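I have placed the structure first, in the form of structure tokens, so that the comments after it can refer back to it.
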2 protein chains.
Amino acid sequence: MTQDAFSETPITTASDQVFVDMRREIVEGSIVQGSKISEPELAKRYGVSRATLREALNRLESCYLVERKANVGCRVVALTAERLIEVYQVRSALEGLACRLAADNMAPDEVQSLKQLLNQHLKTQRVKEGESYYQEAGDLDFHYRIIKGSKNDHLIHLLSNGLYQLIRMYRVQMGMVGPRVSKAFDEHLAIINAIENHDGELAELLMKRHISASQANIQTKFNLHAAQNERVEQ
Amino acid sequence: MTQDAFSETPITTASDQVFVDMRREIVEGSIVQGSKISEPELAKRYGVSRATLREALNRLESCYLVERKANVGCRVVALTAERLIEVYQVRSALEGLACRLAADNMAPDEVQSLKQLLNQHLKTQRVKEGESYYQEAGDLDFHYRIIKGSKNDHLIHLLSNGLYQLIRMYRVQMGMVGPRVSKAFDEHLAIINAIENHDGELAELLMKRHISASQANIQTKFNLHAAQNERVEQ
DNA sequence: CTTCCCAAGATTGTCGACAATTTATGGATA
DNA sequence: TATCCATAAATTGTCGACAATCTTGGGAAG
């Protein structure tokens with residue numbers, strides 16, 4: 001029984017493994033967005049029966065990475081501009097809430113640990129400028145810790161098992177290695193300070209702005225991406 | 001292929017039917033909260049195979065009505081005071097968002113239709129004072145229409161397929177037939193007026209307050225309920 | 001008497017095959 | 001040539017059986 005990096009679901013069964021593997025492949029684009037999923041084909045590829053694969057597909061559906069239609073089949077979610085906006089509207093509301101709750105419920109040592117982590121990220125970031133992995137992981141880790149700091153299990157599940165993989169999918173496939181790095185760190189710092197001061201209202205506001213900025217940034221990349229694809233299609 | 005009342009998923013397959021049936025029984029308490037679910041037993045009861053039942057269980061899990069543990073099994077969710085608070089915190093954030101979006105995106109005829117419905121409810125409500133079904137259905141219908149008015153598909157799915165059944169479960173099992181009826185109507189009226197004036201900020205605020213009041217009301221009932229159960233156990 | 005361990009029973013996870021439905025193919029008709 | 005319908009192929013939905021895992025009960029050791 002091993003463990004996955006982001007969602008803390010322990011991997012015990014075969015379908016757990018297939019779920020985690022497929023999730024990674026979808027998020028990273030190895031299984032391309034919008035493509036149809038053939039059950040027999042993928043079952044053979046992962047070396048499991050269709051029942052096991054279908055179990056995994058069900059879970060992928062509940063975190064919005066695939067869409068099913070009865071008697072028709074399964075499709076990988078399509079990354080559209082509209083969906084990006086929708087998801088970020090929801091994310092803003094939920095993480096805003098998480099941040100407000102964290103200001104009340106986060107333990108002092110959790111806050112300190114997060115500040116420390118932030119400084120550490122800042123140092124390594126300056127060295128490894130432009131290396132996407134650290135930025136991605138660092139940013140996600142920051143958000144993840146605050147979400148957990150809300151101490152609202154339902155909210156935690158909704159975000160980390162529900163929305164975050166889809167958000168990662170956009171970020172990864174848009175190649176988010178932007179110049180927002182340093183700016184994002186400042187915003188992170190302001191947020192954690194507000195949380196430390198138990199100023200929930202401010203923390204919520206700052207988080208919502210931070211996410212809006214992130215959304216704008218992704219949207220720019222997205223349009224760039226779309227323009228490129230248009231050119232290719234001609 | 002028939003249709004379900006609230007979630008607009010068409011019922012085509014056998015597992016769809018089992019899903020809808022079980023959902024109703026769980027929400028209404030026929031399958032009691034917190035109880036363990038035996039796959040062989042329920043499969044026999046619904047006259048389907050275990051594979052079909054498991055498909056339904058998966059979907060019940062994604063709308064938070066049951067919880068699964070690998071190699072152990074399935075439990076109906078337990079209605080605790082803590083969870084009630086958590087769910088309502090999330091609901092407040094999401095429906096607040098829905099309301100704000102609805103102020104921008106709801107079509108004029110949708111608004112008119114909802115105002116009309118509200119008046120109609122007010123009339124029939126005065127006659128059938130205390131009859132729970134109409135209140136329940138009326139309230140849910142109001143919220144549902146605003147959610148749909150947000151035009152954010154992700155949000156719509158999150159609320160109507162995700163949270164609402166769990167909220168209904170609390171309301172139904174706490175026997176929500178309170179004296180909040182007329183007050184709720186006034187609040188509904190204020191909300192729809194704000195939406196009509198495209199005042200998203202106000203609409204969001206009013207909705208959040210409305211939901212807070214609803215939460216306080218349920219919580220009272222819940223404590224009453226808990227006190228009764230304690231007395232019984234003695 | 002309590003604790004630990006092992007075996008029996010029951011439950012869940014996984015598999016391959018069959019049934020029902022959808023999609024693709026090809027020929028007939030206007 | 002385009003459209004429609006019927007048939008064939010492929011895909012999804014469902015089933016019953018077997019394998020793996022967890023739970024329960026009883027007996028032995030301390």
Side-chain angles (χ1 to χ4, degrees), chain A residues 1-4 7 9-23 25-26 31-32 34-78 161, chain B residues 1-4 7 9-23 25-26 31-32 34-78 161:
Chain A
M1 166 166 138
T2 170
Q3 188 117 352
D4 180 26
S7 81
T9 359
I11 298 173
T12 51
T13 71
S15 61
D16 285 337
Q17 187 64 58
V18 174
F19 167 64
V20 172
D21 288 349
M22 281 192 72
R23 189 177 64 181
E25 293 199 62
I26 290 174
I31 303 177
V32 295
S35 66
K36 180 155 190 326
I37 287 180
S38 160
E39 291 184 7
E41 183 191 326
L42 280 193
K44 199 165 68 177
R45 180 166 147 203
Y46 286 105
V48 295
S49 78
R50 267 184 59 223
T52 303
L53 184 93
R54 282 166 66 86
E55 175 89 24
L57 288 180
N58 276 323
R59 291 199 233 165
L60 289 170
E61 187 184 18
S62 34
C63 53
Y64 312 107
L65 294 181
V66 307
E67 291 165 348
R68 298 185 88 179
K69 264 191 278 188
N71 286 315
V72 173
C74 223
R75 271 191 179 285
V76 181
V77 72
N161 287 62
Chain B
M1 165 167 136
T2 170
Q3 188 118 351
D4 179 27
S7 84
T9 358
I11 297 173
T12 51
T13 70
S15 61
D16 286 336
Q17 187 64 57
V18 174
F19 167 63
V20 172
D21 289 348
M22 282 193 72
R23 190 178 63 183
E25 293 199 61
I26 289 175
I31 302 176
V32 295
S35 65
K36 181 156 189 324
I37 286 179
S38 160
E39 291 184 7
E41 183 192 325
L42 279 193
K44 200 165 66 177
R45 178 165 148 203
Y46 286 104
V48 295
S49 79
R50 267 184 59 223
T52 303
L53 183 94
R54 281 166 66 86
E55 175 89 23
L57 288 180
N58 275 323
R59 290 198 235 166
L60 289 170
E61 187 184 18
S62 33
C63 50
Y64 312 107
L65 294 181
V66 307
E67 292 166 347
R68 299 186 87 178
K69 265 191 275 186
N71 286 316
V72 173
C74 225
R75 271 190 179 286
V76 180
V77 73
N161 288 60

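Keep in mind it's a predicted model, so treat the numbers as computed, not measured. Throughout, protein chains are lettered first and strands after them, A, B, ... in sequence-line order, and every chain is numbered starting at 1.
A distance of 5.0 Å separates OH in Tyr46(A) from CE in Met22(A), rounded to the nearest 0.5 Å.
Close approach of DNA chain D to chain B, defined as any atom under 4.0 Å from a non-hydrogen atom of the protein, starts and stops at dG13(D) to dC22(D).
Panel note: side chain Ser62(A), backbone Asn58(A); a donor-acceptor pair is recorded below 3.5 Å. Counting only distance, with no hydrogens or angles, the side chain of Asp16(A) and the backbone of Thr13(A) share a donor-acceptor pair below 3.5 Å. Judged by distance alone, with hydrogens and angles left aside, the side-chain atoms of Arg75(A) form a donor-acceptor pair with the main-chain N or O of Gly34(A) at under 3.5 Å.
Projected onto DNA chain C by closest heavy-atom contact, Cys74(B) and Val48(A) fall at different nucleotides, the more 5' of which corresponds to Cys74(B). Nearest-nucleotide mapping onto DNA chain C: of Val72(B) and Val72(A), the residue sitting toward the 5' end is Val72(B). Nearer the 5' end of DNA chain D, as judged by each residue's closest nucleotide, is the contact made by Ser38(A), out of Asn71(B) and Ser38(A).
Defined by atom type and a distance below 3.5 Å, a donor-acceptor pair is present between the side-chain atoms of Arg59(B) and Ser15(B).
Counting only heavy atoms from C-beta outward, the side chains of Phe19(B) and Leu60(B) approach each other to under 4.5 Å. Side-chain contact check for Glu61(A) versus Glu67(A): every heavy-atom pair is 4.5 Å or farther apart. Looking at heavy atoms from C-beta onward, Val76(A) lies out of side-chain contact with Val32(A) at the 4.5 angstrom threshold.
Contacts between residues 49-63 of chain A and DNA chain D, defined by a heavy-atom separation under 4.0 Å, are made by Arg50(A), Arg54(A).
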